[in-house]
Amino acid sequence: MATKVNTSTYPQVDTSPNFPALETETLAFWKSQGTFKQSILAREGGENEFVFYDGPPFANGLPHYGHLLTGYVKDIVPRYQTMRGRRVERRFGWDCHGLPAELEAEKVLGISGRNQILEMGIKPFNEACRTSVMKYTSEWEQYVTRQARWVDFKNDYKTMDRPYTESVLWAFKTLWDKGLIYEGFKVMPYSWAMETTVSNFETRMDNAYRERQDPAATVAFGLVPKEGEPEHVDVLAWTTTPWTLPSNLALCVGADLDYAVFEKNGRWLVIAAALAGKFEKELDGADQVATWQGSDLVGRVYTPLFPYFKDHPGAFRILAGDFVSTEDGTGVVHLAPGFGEDDQRVCEGEGIDLVCPVDSAGLFTFEIADYKGMQVFEANRPILRRLREEGRLFREESYVHNYPHCWRTDTPLIYRAVSSWFLKVTAIRDEMVRLNQEIHWIPGHVRDGSFGKWLEGARDWPISRSRFWGAPMPIWRSDDPAYPRIDVYGSIQELEADFGVKVPDLHRPYIDELTRPNPDDPTGKSVMRRIPDVLDCWFESGSMPFAQVHYPFENKDWFESHFPADFVVEYVAQTRGWFYTAMVLATGLFGKPPFKNVICHGVVVDEDNQKLSKRLKNYPDPTDMFNEHGSDAMRWYLCSSPILRGQDLSVDLKGKGIAEVVRLVIMPVWNAWSFFSMYARADNLRADYRPNPGPDAPVLDRYILAKVRDLVVGVTKAMDSYELNIACANVRTFLDAFNNWYIRRSRGRFWSAVTGDAALDAEKHSAYDTMYTVLHVLSRTVAPLLPLVAEEIYRGLVDPDESVHLTDWPDVNELQADDALVREMDLVRDVCTGALGVRNEAGLRVRLPLKSLTIAGPGAPELAEIEGLFELVQDEVNVKSVSVEGNVESLGKFELFVNARAAGPRLGKSTKDVIGASKRGEWKDLGDGKVEVGGFVLEGDEVELRLVPRDGLEGKATLAIPSSGVVIALDVVTTPELEREGVARDLVRHIQEARKAAGLEVSDRIALALDLPSDGQAAVDDHRDYIQGQTLADSIAFGQGAGGYSHEASLLGHLISVTVTRVEVVNS
RNA sequence: GGGCCUGUAGCUCAGUUGGUUAGAGCGUCCGCCUGAUAAGCGGGAGGUCGCAGGUUCAAAUCCUGCCAGGCCCA
């Protein structure tokens, strides 16, 4: 890598900056430089492109944490891939059509319901929709920009754009030509008040399910008796929708269920055995005469309750259905295939056509002559009265249940067969299941779990909506059934050719104005008219991969060579939404999965795991979080959490988790940079990028460079497998080694003065170069995860005009791997941790030097071979000498540890005994690596000898470090010399404190006066040079000083006073 | 009713070819260190691994059932 010429030193860095303010400065820098655009243009396209699809949000409100989280992931992966050298285009998309837009328009226009829309006219209504869907776009752009997400808003796509819709029409026509579109008559939730079917979206709206009291009737259906049966054999069926009884066409039983047959007054009554107990009163005095299996009932014929459909082909039989339960009712379900999904499915399987004698307003039609024109719920009573009179009503009660309501009109929905257009998903289901195996899902279980299962059970998809604001169904049909004809259009050109006019707008009502004479009608009277429905908006969002580029009318080659996408991310519920519809369309149109890698993240909830709610304000305002802690903190908080693996993440009301990120992640990174900058400025130097300084470099430098290489390897692996939270964890681990070991142990080299001694100065320069190199690599490695902080550091470090996001991902080959050194150094860190623990336990403060530390263990001598390690331990633990001992007998002894995993299978039941014997020390070393224990000879990896400290070592404090296989022994015997040295260090500490309290500059020279007890004075006498050198004291006097700044402290149990007086340096 | 996920320290979570003494961060308490200083280091306390069975020499881990929570489908 080319290094900039060192013409100036580094900027002054605020040690505890206002990160949000820094962030907005960086955002402004990006804007002024066009950095985002540069980052795309700097990479080659074509084969090298990394394709990312931005699932279009529906902007009917401000973005919340879920959107922000998705946005962060949508930013991190492309930034990473860009640094890896790929070209990553990012276009923002807007989902524009559908019911939420219509609702908003109604609100704005002050109207309500279908009739008022038609009264006002579709044209002004759709205009209002068009305006309303763009209402929040500028707010969205502000949020997305503030979260440092790079995405192209200028070149965005909208699902309502004409080219987008044309591609959607192409998709529809292509599926039509493949025979995958059909018109069907299916039972769906239906609002008779709004006269429309109700989509999934609407039935799931809050409060859609509400308590309702309905009459529940147990009705006796009279079977046609067989030989040996009485004249009246009645099967009892239960329903909470008596109004569907006139349309009854069959009964349904569970084939495996048991049905009890009771006799009462010569009449037989059939009911599920498990439920007979609920009819004690009605069955009083009845005797059970038989038990039938459901399968015995299947196929039997019964007399219709009502005459309206008595000649219906195939009807009035008992069928078997797997959905029949014995939870409530009678175990016999009455089937009205026009008014129930299960009913329709079962009847269809038996070749019974449905009947639907209820019109669009929920009124009975002429077919039900007796109740014609009556609203179905109103008809419940008269129907029940009639059944009672005819003796068919076995029991009548009222039933309170949760029932879906039309959220607009508050009226109960009905299930009703309506005409709708379907995409025949069942025909491509197996292919989808197969293609799904090619997709890499995060978390992995989604593939064969919720998504895979959903695909296996996929049903045909109703894609038409009798609404106003959406892509038109491109179907024109003859208005005279005598001359049937259907035309389907897949492009604007085809429309213009057939209708002879320009088609500037594909929306209603303009599209509805396209009519022409039916070419198949010789009389010339019938007209081709568009069916008035619009497409389900999910069909449109699922078309996003090709529709955003106006395929196949434009970008044909690009799309065909860049599909499927490399990566998408949305929240987990999109397995039922966009992931699914994209899958259906990709399979149906192209026989490919729509994407290769997909993250489905979880949901952000509040402290009590409740949904975030604007009304309840149970979450911190994202804008406040941006202003208080910054976007990078929020980014890290969200993306380092298990929410990326589909779990929920609860965010506390005060945003403590986000604040914590600043302290635990961002500050450490920043501290490293500000430390570097502070000393480099003091030394007035610039460092060089030296990723591989060679074997003669100081050991700490080689260690941290090898360590940062390991970091890059780890983060690369995690990012390549889309495990962002693991990448974050890698960074955390590295920061500990960097800040709390490397920098802390290297401080001396930074503050040492330039001596003129070549070796010492080289060490100092090596520290700077290493620090610079690590920060250089680190800022690039965290650039996707902390893009704003990384940018600020990189620009300060390298060049204020250069963006870290335009650099290449760190090259691991450039950095020297040194596994042995990393291992040994990590052992040394363990030793220091252990030794400090031992000191703590022994009550020996660190400032008190101790004589020696011994490290004993089989691997210990290797430590001695690496130069410089012992000095690190001496400094860190404050001991005079460090030694190693390969032979551990002096300090430790071995305990036998049975490797149960290896020996268990061979020893079987004796494993426990053998382990017990080993723990009691009942084992014998047979040599050659063989050991006898508990009557068995173990060898090889079946046993392991573990080092523990020996007891009763005079004057030593010992500790085993199992992870490293060593024992350490600290010499805890102090001497008067050591005590005096410790006191001298204590004094230095107090003097430094006094200097700081006096407000002196670190370079100011002082005169010292110390008021001390006699042993304190002895310490000063012994270590006068050391104290003066450390504290820049020109002189030390005993006693209370006159003038200057006095500072009181406690030393050796006495109150002492330290007086510092600044000494003017006379320039010679 | 069915499917998927989750249940481990006060909190957030690691911990899969089953292996002896279950880990981390945060919080808390104690101690230390400090020319990065509104930082840093060490230690202590804190756990019936949701519950109950089973398999096994051995279960947080595998199996079964149950309980609780979340999501989805009926």
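Just so it is clear, the values below take in all heavy atoms, side chains as well, and ignore hydrogens, waters and symmetry mates. Naming convention: chains lettered A, B, ... in sequence-line order (proteins, then strands); numbering from 1 in each chain. Here the structure is a predicted model, which is why all the values come from computation and not from measurement.
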*Asks:* Measuring from the side chain of A:Lys453 (C-beta onward, heavy atoms only), which nucleotide among B:G3, B:G43, B:A36 has the closest atom?
*Replies:* B:G3

*Asks:* In whole angstroms, how far is the P atom of B:A36 from the CD atom of A:Gln12?
*Replies:* 16 Å

*Asks:* Answer yes when A:Arg989 and A:Glu993 have at least one side-chain N-carboxylate O distance shorter than 4.0 Å, and no when they do not.
*Replies:* yes

*Asks:* Taking the P atom in each of B:C49 and B:C32, what is the distance between them to the nearest angstrom?
*Replies:* 37 Å

*Asks:* Quick one: do A:Arg645 and A:Glu723 make a salt bridge, cutoff under 4.0 Å?
*Replies:* no

*Asks:* Identify the two heavy atoms, one from A:His1047 and one from A:Ala994, that lie closest to each other, and give their separation to 0.1 Å.
*Replies:* CB-CB, 3.5 Å

*Asks:* Please measure how far the C1' atom in B:G7 lies from the corresponding atom in B:C51, and state the result in whole Å.
*Replies:* 11 Å

*Asks:* What does A:Gly904 touch in the nucleic acid at a heavy-atom separation under 4.0 angstrom: a base, only the sugar-phosphate, or nothing?
*Replies:* base

*Asks:* Within the pair A:Arg847 and B:C33, is there a side-chain N or O less than 4.0 Å away from OP1 or OP2?
*Replies:* yes

*Asks:* Would you mind reading off the distance between A:His445 atom NE2 and B:C72 atom P, rounded to a whole angstrom?
*Replies:* 15 Å

*Asks:* For atom CD of A:Gln437, is the number of surrounding heavy atoms from other residues, nucleotides or ligands below 6.0 Å larger than 12?
*Replies:* yes

*Asks:* Would you call A:Asp875 and A:Arg747 a salt bridge, taking side-chain N to carboxylate O under 4.0 Å as the test?
*Replies:* no

*Asks:* Is A:Arg985 touching bases, backbone alone, or none of the nucleic acid, heavy atoms closer than 4.0 Å?
*Replies:* sugar-phosphate

*Asks:* Taking all non-hydrogen atoms of both residues into account, name the closest pair between A:Val846 and A:Asn878 and its distance.
*Replies:* O-ND2, 2.6 Å

*Asks:* Quick one: is A:Arg901 getting a side-chain N or O under 4.0 Å of the B:G18 phosphate, OP1 or OP2?
*Replies:* no

*Asks:* What distance, rounded to whole Å, do you find between the two P atoms, one in B:U16 and one in B:U61?
*Replies:* 12 Å

*Asks:* For RNA chain B, what string of dots and brackets results from 5' to 3' when Watson-Crick and G-U pairs need both distances under 3.5 Å, crossing pairs get [ ], and pairs with another strand get |?
*Replies:* (((((((..((((.....[...)))).(((((.......))))).....(((((..]....)))))))))))).

*Asks:* For the side chain of A:Thr426 and the backbone of A:Arg459, is there at least one donor-acceptor N/O pair under 3.5 Å apart?
*Replies:* no

*Asks:* Take the angle between the ring planes of A:Trp454 and A:Tyr580 and call it parallel below 30°, perpendicular above 60°, tilted in between.
*Replies:* perpendicular

*Asks:* Give the nucleotide from the list B:C41, B:A36, B:C32 with an atom nearest to the side chain of A:Leu836.
*Replies:* B:C41

*Asks:* Name the closest nucleotide to the A:Leu1032 side chain, picking from B:G43, B:C72, B:G35.
*Replies:* B:G35

*Asks:* If you take all heavy atoms of A:Leu69 and A:Cys639, which pair is closest and at what distance?
*Replies:* CD1-SG, 4.3 Å

*Asks:* A:Ser16 near the nucleic acid: base, sugar-phosphate alone, or nothing, with a heavy-atom cut-off under 4.0 Å?
*Replies:* nothing

*Asks:* Looking only at the side chain of A:Arg576 (C-beta and beyond, no hydrogens), which of the listed nucleotides B:C73, B:G19, B:G40 gets closest?
*Replies:* B:C73

*Asks:* Would you measure the distance from the C1' atom in B:A52 across to the matching atom in B:A68 and give it in whole Å?
*Replies:* 15 Å

*Asks:* What is the distance from CZ of A:Arg839 to P of B:C33, rounded to the nearest Å?
*Replies:* 8 Å

*Asks:* Report yes if the side chains of A:Trp741 and A:Cys832 come closer than 4.5 Å at any heavy-atom pair, otherwise no.
*Replies:* yes

*Asks:* Between the protein and nucleotides 21-31 of chain B, which nitrogen or oxygen pairs are less than 3.5 angstrom apart?
*Replies:*
{"unit_1": "B:G25", "atom_1": "O2'", "unit_2": "A:Arg732", "atom_2": "NH2", "d": "3.3"}
{"unit_1": "B:C26", "atom_1": "O3'", "unit_2": "A:Arg663", "atom_2": "NH2", "d": "3.2"}
{"unit_1": "B:C26", "atom_1": "O2'", "unit_2": "A:Glu660", "atom_2": "OE2", "d": "2.6"}
{"unit_1": "B:G27", "atom_1": "OP1", "unit_2": "A:Arg663", "atom_2": "NH2", "d": "3.0"}
{"unit_1": "B:G31", "atom_1": "O2'", "unit_2": "A:Asn840", "atom_2": "OD1", "d": "3.2"}

*Asks:* Side-chain N or O of A:Arg989 versus OP1/OP2 of B:G35: is the shortest distance under 4.0 Å?
*Replies:* yes

*Asks:* If I pick the P atom on B:G44 and the same atom on B:C63, what distance separates them, to the nearest angstrom?
*Replies:* 36 Å

*Asks:* Closest-nucleotide mapping onto RNA chain B: is A:Arg995 or A:Asp342 further toward the 5' terminus? I mean the 5' end.
*Replies:* A:Arg995

*Asks:* In whole Å, what separates the P atom of B:U48 from that of B:C73?
*Replies:* 38 Å

*Asks:* Base, sugar-phosphate, or nothing for A:Asn899, non-hydrogen atoms under 4.0 angstrom?
*Replies:* base

*Asks:* Nearest nucleotide by nearest heavy atom, which residue falls closer to the 5' end of RNA chain B, A:Arg645 or A:Val603?
*Replies:* A:Arg645

*Asks:* Does A:Gln992 get its side chain close enough to the base of B:G35, under 3.5 Å, for a donor-acceptor pair?
*Replies:* yes

*Asks:* Quick one: A:Lys996 NZ to B:G35 P, roughly how many Å, whole number?
*Replies:* 6 Å

*Asks:* On the nucleotide B:C57, are OP1 or OP2 found under 4.0 Å from the side-chain N or O atoms that A:Lys909 carries?
*Replies:* yes

*Asks:* Tell whether A:Thr911 reaches the base of B:C57 with its side chain through a donor-acceptor pair below 3.5 angstrom.
*Replies:* yes

*Asks:* Is any NZ, NE, NH1 or NH2 atom of the basic residue among A:Arg995 and A:Asp1004 found under 4.0 Å from an Asp or Glu carboxylate oxygen of the other?
*Replies:* no

*Asks:* I'd like the P distance from B:G40 over to B:G27, given in whole Å.
*Replies:* 10 Å

*Asks:* Counting the atoms with a prime plus P, OP1 and OP2 as sugar-phosphate, which does A:Phe750 contact under 4.0 Å by heavy atoms, base, sugar-phosphate, or nothing?
*Replies:* nothing

*Asks:* Should A:Ser674 be listed as having a side-chain N or O under 4.0 Å from OP1 or OP2 of B:A36?
*Replies:* no

*Asks:* Distance check needed: B:A39 P versus A:Asn739 CG, whole Å only.
*Replies:* 14 Å

*Asks:* If you only use heavy atoms from C-beta on, which nucleotide in B:C73, B:C5, B:A36 is closest to the side chain of A:Trp454?
*Replies:* B:C73

*Asks:* Select base, sugar-phosphate, or nothing to describe what A:Glu341 touches, counting heavy atoms under 4.0 Å on all strands.
*Replies:* nothing

*Asks:* Taking salt bridge (Lys or Arg N to Asp or Glu O under 4.0 Å) as the definition, give me every residue that meets it alongside A:Asp986, ordered by chain and number, with sequence neighbours left out.
*Replies:* A:Arg845, A:Arg847

*Asks:* Please report the distance, rounded to the nearest Å, between CG in A:Asn740 and P in B:G42.
*Replies:* 8 Å

*Asks:* Tell me: CH2 of A:Trp636 to P of B:C13, nearest whole Å?
*Replies:* 17 Å

*Asks:* Would you mind checking if A:Glu876 and A:Arg745 are paired as a salt bridge, meaning a charged N to carboxylate O distance below 4.0 Å?
*Replies:* yes

*Asks:* In whole angstrom, what separates A:Leu959's CG from B:G42's P?
*Replies:* 13 Å

*Asks:* What distance, rounded to whole Å, do you find between the two C1' atoms, one in B:G46 and one in B:U28?
*Replies:* 9 Å

